[in-house]
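Each remark here refers to the structure printed beneath this line.
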Amino acid sequence: MLPTEGSAEPTADLAGRGRIAVLVPCYNEEAAIGKVIADFRAALPEATVYVYDNNSADRTAEVAERAGAVVRRERHQGKGRVVRRMFTDIEADIYVLVDGDATYDAPSARAMIETLVRDRLDMVCAIRVDREQAAYRLGHRAGNRLLTGFVAHVFGQSFTDMLSGYRAFTRRFVKSFPALSGGFEIEAELTIHALELELPVGELRTPYYSRPQGSVSKLSTWHDGTRILRTILRIYRAERPLSLFSGIGASLAIASIGLAIPIFVTYLQEGVVPRLPTAVLSTGLMLLACLSVACGLILDTVTRGRLETKLLAYLAHRAPGEERRA
């Protein structure tokens, strides 16, 4: 689905869409959380705003409670763990996940939900369109493009902004998503889960702003980028084992053949094998190559069973709107 521009104009009433929950994971966002809650309560008056405080050392929870949000706490540190707890605890028909740093455009949530419901999608991801030069740092932009391109190469057509923290989900996506990530790599896991099951998803362009004064980013371009890349490689190993281990096997086989050719040439010319250690090494590499391919075949069968289980968990939930009609 081609991305479109989010609109800040009022859209159709969403009260008939069922329960809407706005999920805001927070860590030390005292300076921004009040504005986030006020903006989303104005943009989605029919929604309930949930703030999960993740061991903040400031007054994040107090400010959020005064602003009218339902405040809960998650003691296990990390955004991925907070999202897992939110998805487990909160019951709704439509979920909006957003960071608590006041960088995302709250009025765009109505357009995201309308797109989700109208096109019968399971996830709508916001594409960040920065309104200020300092809003989206160059290092983060480059890392996002690199990781998005890698995922597109491995798993097929990907999203434009894979690491966006602003998304809308249906209940069946949320309740069938096996969140395993602990930190900021949760966005990559959400994206790959949708691509792996070939779920109906969409994108919407939304404004992206700088943090308010006094709010500090917790992201580290290199540290978090490395963690996200490790997560993608781990998921690639788990979801594409045949491709991974076949590639390793092919590399080992090529190395083995490269070492063996001079030995065969010498044997044909002189009838002797003068480099016995090299011959043993070549034989060992070829055995490892065969073993790697065999492991890939076995793990591919296991992966197919896991994929079928995840798909059955997804299909166990009714499509959006069907629950209310039932």
Side-chain angles (χ1 to χ4, degrees), residues 5-54 56 58-74 79 82-83 85-87 89-117 123-131 135 161 164-171 173-174 186-187 190 203-212 214-215 217:
E5 184 75 30
S7 173
E9 297 297 324
T11 56
D13 178 41
L14 301 180
R17 305 301 190 190
R19 296 166 296 174
I20 302 174
V22 178
L23 314 182
V24 190
C26 277
Y27 174 65
N28 290 341
E29 295 292 0
E30 177 185 349
I33 190 59
K35 182 179 187 308
V36 173
I37 296 169
D39 289 350
F40 274 92
R41 292 188 70 187
L44 295 172
E46 56 274 89
T48 303
V49 180
Y50 295 88
V51 172
Y52 273 59
D53 179 50
N54 193 206
S56 296
D58 59 11
R59 298 170 55 251
T60 296
E62 181 182 342
V63 173
E65 200 164 5
R66 288 182 179 178
V70 177
V71 179
R72 297 174 181 171
R73 289 171 174 79
E74 171 54 46
K79 182 178 179 181
V82 179
V83 171
R85 177 73 179 275
M86 287 176 153
F87 283 4
D89 290 354
I90 298 171
E91 297 293 330
D93 298 297
I94 295 173
Y95 298 79
V96 177
L97 178 66
V98 66
D99 292 339
D101 54 10
T103 56
Y104 292 101
D105 183 58
S108 296
R110 300 189 72 85
M112 292 171 66
I113 294 173
E114 284 293 342
T115 302
L116 187 81
V117 175
M123 179 172 69
V124 173
C125 183
I127 302 173
R128 291 171 284 185
V129 180
D130 50 301
R131 292 293 190 252
D161 189 357
S164 173
Y166 193 15
R167 301 171 187 240
F169 309 94
T170 59
R171 175 183 172 82
F173 184 102
V174 166
I186 184 66
E187 285 91 359
L190 286 164
E203 293 183 300
L204 200 72
R205 297 185 183 277
T206 65
Y208 188 66
Y209 305 100
S210 296
R211 281 175 167 266
S215 177
S217 175

Donor-acceptor contacts under 3.5 Å from residues 30-43 side chains, at least two apart:
from, atom 1, to, atom 2, distance (Å)
Glu30, OE1, Arg59, N, 3.3
Glu30, OE2, Arg59, NH1, 2.8
Lys35, NZ, Asp39, OD2, 2.7
Arg41, NH1, Ala67, O, 2.9

Counting N and O atoms only, with roles assigned by atom type, does the side chain of Asn54 sit under 3.5 Å from a partner on the main chain of Tyr27, one being a donor and the other an acceptor?
no
Spacing of SG belonging to Cys125 relative to CZ belonging to Arg167, to within rounding of 0.5 Å:
4.0 Å
Within-4.5 Å side-chain heavy-atom neighbours: Val129 and Pro207:
no
What pair of heavy atoms forms the shortest contact from Pro25 to Val82, and how long is it?
CB-CG1, 3.6 Å
Which atoms form the tightest heavy-atom contact between Cys26 and Thr60, and what is the distance?
CB-CG2, 3.8 Å
What closest approach, in Å, do Ala168 and Leu116 show between heavy atoms, and which atom pair accounts for it?
O-CD1, 3.8 Å
In chain order, what residues pass the ring pair (Phe, Tyr, Trp, His ring centres under 6.0 Å) check against Tyr95, with sequence neighbours excluded?
none
Looking only at heavy atoms, which two atoms of Val124 and Met112 are closest? And how far apart?
O-CE, 3.6 Å
When rounded to the nearest 0.5 Å, the distance separating CZ of Arg19 from CD1 of Ile94 is 11.0 Å
Can you tell me how far apart CG (Leu23) and OH (Tyr50) are? Round to the nearest 0.5 Å.
8.5 Å
Do Val49 and Val24 have side chains that get closer than 4.5 Å, going by heavy atoms?
yes
Going through the distances and angles, do Glu114 and Arg110 end up as a salt bridge (charged side-chain N to carboxylate O under 4.0 Å, His left out)?
CA-CA 6 Å; Glu114 284 293 342; Arg110 300 189 72 85; 5.9 Å; no
Quick one: salt bridge (charged side-chain N to carboxylate O under 4.0 Å, His left out) partners of Asp58, sequence neighbours excluded?
none
The reported gap from CD1 in Ile20 to CD1 in Ile113 (rounded to nearest 0.5 angstrom) is 4.0 Å
Could you go step by step and tell me if Tyr209 and Asp105 meet the side chain to side chain contact (heavy atoms under 4.5 Å, CB included) rule?
CA-CA 8 Å; Tyr209 305 100; Asp105 183 58; 3.7 Å; yes
May I ask you to decide whether Lys79 forms a salt bridge with Glu187, counting only side-chain N to carboxylate O separations under 4.0 Å?
yes
Let me see the working for Tyr52 and Ile90 under side chain to side chain contact (heavy atoms under 4.5 Å, CB included), right down to the final yes or no.
CA-CA 11 Å; Tyr52 273 59; Ile90 298 171; 3.9 Å; yes
Salt-bridged, Arg171 to Asp93, with N to O below 4.0 Å?
no
Determine whether a donor-acceptor pair (N or O, by modelled atom type, separation under 3.5 Å) exists between the side chain of Ser164 and the backbone of Ala126.
yes
Would you check if the side chain of Tyr166 reaches a backbone N or O of Ala109 as a donor-acceptor pair within less than 3.5 Å?
yes
